[in-house]
Amino acid sequence: MASLGVNIDHIANVRQARRTVEPDPVPMALLAELGGADGITVHLREDRRHIQDRDVELLRQTVRSRLNLEMAATPEMEAIAMRIKPDMVTLVPERREEVTTEGGLNVAEQVQSLTDMVHRLQADGIPVSLFVDPDIQQLQACQATGARWVELHTGTYAEASWEQQPAELARLTEATAQARALGLRVNAGHGLTYQNVEPVAAIEGMEELNIGHTIVARALAVGLQSAVSEMRRLVENPRRDPLFGRLN
Ligand code: PXP
């Protein structure tokens with residue numbers, strides 16, 4: 001059975017839209033754990049557009065499941081990972097202009113530099129996963145770096161038409177088997193939704209799915225009504241407590 005890593009970046013996105021303190025992804029991670037998350041994933045981006053350094057530091061202290069830090073393979077991020085010591089680092093490609101991670105890491109193109117980084121992180125006790133497309137050449141390159149894990153990019157599967165989806169699922173299934181034959185452990189994620197997750201969760205050998213956007217979207221759908229009701233009560237019937245000076 002695959003486990004569930006919940007990516008909470010989009011909670012931070014809402015906070016950063018106002019540069020304020022709410023919603024705070026740190027206590028939300030606890031709620032995700034109460035809901036059954038086996039791990040919490042955050043992507044600390046170079047431009048800090050959602051998750052902030054402070055979030056990662058506090059999550060390291062509060063997450064009781066597993067903290068997976070997604071990051072670009074840069075010296076700045078490596079230093080942060082070495083200091084914070086997440087339970088896993090997932091190396092992802094990153095471009096400033098992209099809305100979200102657009103494709104897998106081209107490991108085959110940068111085996112030597114990634115090998116060095118993977119070794120330094122793993123020597124420090126941090127397991128490393130490489131986010132790659134479900135492609136045998138990339139998987140072989142991942143093995144060559146010494147990384148023990150891969151995360152298969154499910155974006156192409158998620159975006160495929162109904163006719164194309166079975167072929168994309170077959171690619172993911174085959175890549176999972178190939179990765180395991182190479183001695184790699186397998187996670188997957190990106191673009192998974194309540195509608196398309198089950199066939200991926202059922203792939204033999206799949207260990208963990210990292211899912212973010214659809215869960216945060218669903219949280220709004222199931223939570224908005226009670227949030228409005230609470231505000232409605234305050235607006236209709238405000239307290240006139242003297243301690244609440246500004247309301248008098
Ligand atoms: N895995 C990786 C490597 C990602 O970059 C992302 C998006 O940040 C996810 C999983 C989660 O994707 P989604 O938000 O589409 O569920």
Side-chain angles (χ1 to χ4, degrees), residues 2-14 16 23 25 28-29 32 35 37-52 55-56 59 66-74 77 81 86-107 114 118 127-135 138-139 142 147 149-160 165 168 172 175-176 179 184-201 203 206-221:
S3 58
L4 173 64
V6 176
N7 180 315
I8 56 174
D9 294 350
H10 289 289
I11 296 170
N13 255 330
V14 177
Q16 294 314 112
M28 294 290 175
D38 299 294
I40 300 296
T41 295
V42 289
H43 184 176
L44 185 65
R45 294 186 71 103
E46 191 192 9
D47 62 7
R48 307 298 197 272
R49 70 172 70 155
H50 40 55
I51 292 294
Q52 306 295 306
D55 300 329
V56 185
L59 286 165
R66 280 178 275 119
L67 181 63
N68 174 25
L69 178 62
E70 280 179 18
M71 59 182 224
T74 63
M77 290 298 155
D87 298 294
M88 177 174 280
V89 156
T90 301
L91 295 177
V92 299
E94 195 175 300
R95 286 197 305 119
R96 269 180 186 254
E97 323 79 67
E98 68 193 0
V99 176
T100 181
T101 316
E102 284 170 353
L105 202 56
N106 193 342
V107 181
L114 286 173
V118 166
V128 180
S129 176
L130 301 174
F131 182 57
V132 287
D133 290 331
D135 174 289
Q138 293 296 340
L139 295 172
C142 289
W149 294 80
V150 289
E151 179 172 330
L152 298 179
H153 190 329
T154 51
T156 312
Y157 160 80
E159 280 162 26
Q165 230 172 31
E168 291 301 330
L172 289 167
T176 304
L184 296 162
R185 298 178 69 178
V186 184
N187 299 330
H190 209 283
L192 295 175
T193 66
Y194 291 84
Q195 288 87 0
N196 67 22
V197 70
E198 287 169 280
V200 181
I203 292 174
M206 183 60 71
E207 295 207 37
E208 183 157 289
L209 301 180
N210 281 311
I211 307 179
H213 187 265
T214 202
I215 293 177
V216 175
R218 179 82 186 137
L220 286 178

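Atoms within each ligand, like the ligands themselves, are counted from 1 in listed order.
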- Side chain of Gln165, backbone of Tyr157: donor and acceptor closer than 3.5 Å? yes
- Query: Within the structure, does Gly191 bring an N/O atom to less than 3.5 angstrom of an N/O atom in ligand 1?
  - Reply: yes
- Task: Could you point out which residue of Val92, Asn210, Ile51 forms a side-chain contact (heavy atoms from CB on, under 4.5 Å) with His43?
- Result: Val92
- Task: Run the numbers for me: atoms of ligand 1, each under 4.0 Å from some heavy atom of Ile211, listed by number.
- Result: 16 (O)
- Okay, side chain of Asn13, backbone of His50: is any donor-acceptor separation there less than 3.5 Å? no
- Task: Would you mind running through ligand 1 and noting each atom that sits below 4.0 Å from a heavy atom of Asn7?
- Result: 8 (O)
- Task: Mind telling me whether His213 and His10 have parallel, tilted or perpendicular rings, with 30° and 60° as the class edges?
- Result: perpendicular
- Do any nitrogen or oxygen atoms of Glu70 come within less than 3.5 Å of a nitrogen or oxygen of ligand 1? yes
- Message: If the cut-off is 4.0 Å to any non-hydrogen atom of Asn210, which atoms of ligand 1 fall inside it?
- Response: 10 (C), 11 (C)
- Query: Can any side-chain N or O of Gln52 pair as donor or acceptor with the backbone N or O of Arg48 at less than 3.5 Å?
  - Reply: yes
- Partners of Arg185 by side chain to side chain contact (heavy atoms under 4.5 Å, CB included), sequence neighbours excluded? Trp149, Glu207
- Side chain, backbone, both or neither: His190 near ligand 1, heavy atoms under 4.0 Å: both
- contact_flag Thr90 ligand 1 heavy-atom lt 4.0 Å: no
- Note on the structure: Under 4.0 Å between heavy atoms, the region of His153 that gets near ligand 1 turns out to be neither
- Polar proximity ligand 1 side, Glu151 side, N/O cut 3.5 Å exclusive: yes
- Query: Val92 heavy atoms, cut-off 4.0 Å: which ligand 1 atoms fall inside?
  - Reply: 3 (C)
- Query: So, do Glu70 and Asn7 sit near enough that their side-chain heavy atoms are less than 4.5 Å apart?
  - Reply: yes
- Ligand-side contact atoms (ligand 1) for residue partner His213, heavy atom cut-off under 4.0 Å: 13 (P), 14 (O), 16 (O)
- Task: May I ask you to decide if His190's main-chain N or O and Thr154's side chain share a donor-acceptor pair within less than 3.5 Å?
- Result: yes
